[in-house]
Amino acid sequence: MIDIINKIKDDFWTLLQESNSPDKIDSLRVKYLGKKGDLTSLLKQLASLSIEEKKSTGALINQLKDDITLKLEEKFKYIEDQAFKTQLLNEKIDFTLPANKIKKGKLHPITLVNNEIQAIFQELGFIIAEGPEVENDYYNFSALNFPADHPARDMHDTFYLDYHEPRLLRTHTSGTQIHVLEQFKPPVRVIMPGKVFRSDADISHSPVFHQVEGLYVDKNVSFSHLKAVLQYFLESFFYKGASIRMRPSFFPFTEPSVEVDVACVICKGKGCSMCKQSGWIEILGAGLVDPNVLKNVNIDPDIYSGFAFGVGVERLAILKYGINNIKLFYDNHNFFLEQF
Ligand code: DAH
């Protein structure tokens, strides 16, 4: 038995010298220490020995087992250290290579246009207010002088949230006029940006889009104030000297109401494909606040008057940056956003 143990020891030494990879060390471990390994089968053979022999031989085998375990661990660590040293020697970092490009975030074109609109009106003393996106019929329609069952409601393609007590997604920012006038008494000069929702989608319509509402209520506010403010706004936003024109229109909450056009931002009024050769581009709706709206918020229309307007932010961005599909605003592809 002693001879066998010595032979195993010698063989192990020889094999250990020859093993130069983690895999080979592992095979040695299995060969000597594994369940069916040489030492395990030796231990099993102890059964046939006398008690004394069992003690002495068993101790020898266990000693060998500890030695082998330790030697395998040492060799394994040595191999790993060598591999790491070789790696360090071979791996050279070229500090002259250009670094990876870090992409810088940019503001979304809708945000840029919103910021610009707000900055222009803040110069004129307007403050900014935001209203809720979930409204009820009162704020979105009734208080704005839409009579019940009036066809103008159908034009809004409203998303209703409940059937019995109608909450809805606001179809325009005009309802915020009511919230503001419930809280602030004239003089009120306010810009109300926000998301609006309509059940409508094609190349120039999205079910969610952005509007900016404007409102000025004070004593003696007249149509000429509206015209001057919009002229200033559109010239500041598009280009100095841009002419505007007003065409009669209808909105329940303004009387009189107008549709405002700006001389085409591409051809400056000469006629091109953008303005369908008309020289004009429709930009926004506006008018003098209907006396019924003022009455709904307990403001006396015999003392106060006001003007209001509403403008689509996507529309302004499309015209300013020459964008041909409204979906581009919402896909948020880098190739699009990087351009602003
Ligand atoms: N709320 C209208 C719409 O979404 C836009 C509008 C028109 C707003 C005239 C106004 C206004 O304040 O005076 O189509």
Side-chain angles (χ1 to χ4, degrees), residues 114 117-118 121 126 128-133 135 137-147 150-159 168-181 186 188-200 204-218 221-231 233-234 244-262 281-294 296-297 299 301 304-316 326:
N114 251 325
I117 298 170
Q118 290 176 25
F121 281 99
F126 283 70
I128 314 291
E130 283 182 18
E133 288 170 8
E135 284 284 20
D137 183 275
Y138 179 74
Y139 287 99
N140 200 71
F141 293 123
S142 311
L144 291 167
N145 199 37
F146 283 76
H150 192 276
R153 289 175 185 235
D154 298 342
M155 285 160 50
H156 279 232
D157 300 311
T158 313
F159 286 114
L168 47 85
L169 296 178
R170 67 176 173 195
T171 58
H172 53 178
T173 42
S174 303
T176 308
Q177 291 185 30
I178 305 297
H179 289 289
V180 166
L181 291 177
V188 170
R189 269 175 301 200
V190 61
I191 286 297
M192 296 154 278
K195 284 192 176 69
V196 299
F197 308 83
R198 291 186 198 180
S199 177
D200 198 1
S204 52
H205 294 92
S206 154
V208 186
F209 59 104
H210 300 77
Q211 286 187 337
V212 172
E213 192 81 15
L215 177 71
Y216 179 22
V217 180
D218 198 356
V221 175
S222 74
F223 212 87
S224 45
H225 293 120
L226 171 63
K227 189 166 184 212
V229 165
L230 290 181
Q231 176 80 48
F233 164 55
L234 292 171
I244 69 169
R245 77 174 181 187
M246 291 175 151
R247 288 174 289 110
S249 185
F250 171 79
F251 300 101
F253 38 93
T254 43
E255 183 56 39
S257 303
V258 285
E259 211 78 65
V260 181
D261 299 342
V262 67
I281 301 260
E282 189 181 314
I283 290 282
L284 52 82
L288 292 186
V289 180
D290 193 291
N292 285 338
V293 173
L294 295 177
N296 287 338
V297 287
I299 293 175
Y304 292 102
S305 56
F307 69 68
F309 60 88
V311 59
V313 181
E314 279 79 352
R315 175 126 184 93
L316 289 179
I326 199 164

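Reckoned from all heavy atoms, side chains included, excluding hydrogens, waters and symmetry mates. For clarity, every value in this text was computed on a predicted model and none was experimentally measured. Numbering of residues begins at 1 and proceeds along the displayed sequence. First listed ligand is number 1; within each ligand, the first listed atom is number 1.
With Phe250, Phe253, Phe209 as candidates, the residue nearest to atom 2 (C) of ligand 1 on a non-hydrogen basis is Phe253. Here the shortest heavy-atom distance to atom 10 (C) of ligand 1, taken over His172, Glu213, Met192, Glu259, belongs to Glu213. Residue Arg198 holds the heavy atom nearest to atom 4 (O) of ligand 1 of all those in Arg198, Arg170, Glu255.
The nearest heavy-atom contact from the protein to atom 8 (C) of ligand 1 is Gly310 N, 3.3 Å.
Near Ala308, the atoms of ligand 1 lying under 4.0 angstrom from a non-hydrogen atom of the residue are 12 (O), 13 (O). Which parts of ligand 1 touch Ser174 is read off a 4.0 Å heavy-atom cut-off, strictly below it: atoms 1 (N), 8 (C). Atoms of ligand 1 lying under 4.0 Å from any heavy atom of Gln177, numbered from 1 in the order shown and given with element: 12 (O). Close approach of ligand 1 to Gln211 (heavy-atom distance below 4.0 Å) involves ligand atoms 3 (C), 4 (O). Interface of Gly287 with ligand 1, defined as ligand atoms under 4.0 Å from a residue heavy atom, comprises 13 (O).
Using bins of under 30°, 30° to 60° and over 60° for the plane-to-plane angle, the ring pair Phe309/Phe233 lands in the parallel bin.
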Side chain to side chain contact (heavy atoms under 4.5 Å, CB included) between Val258 and Phe223, worked out: CA-CA 10 Å; Val258 285; Phe223 212 87; 3.6 Å; yes
From CA spacing to verdict: salt bridge (Lys or Arg N to Asp or Glu O under 4.0 Å), Glu282, Arg315: CA-CA 9 Å; Glu282 189 181 314; Arg315 175 126 184 93; over 6 Å; no
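Distance alone, capped at 3.5 Å, places no donor-acceptor pair between the Asp157 side chain and the Arg198 backbone. No donor-acceptor pair closer than 3.5 Å links the side chain of Arg245 to the backbone N or O of Glu259. Side chain of Glu130 to main chain of Pro193: no donor-acceptor pair is present (N/O by atom type, distance under 3.5 Å, no hydrogens or angles).
Looking at Phe197, Phe253, Phe251 one by one, the single match for ring pair (Phe, Tyr, Trp, His ring centres under 6.0 Å) with His172 turns out to be Phe253.
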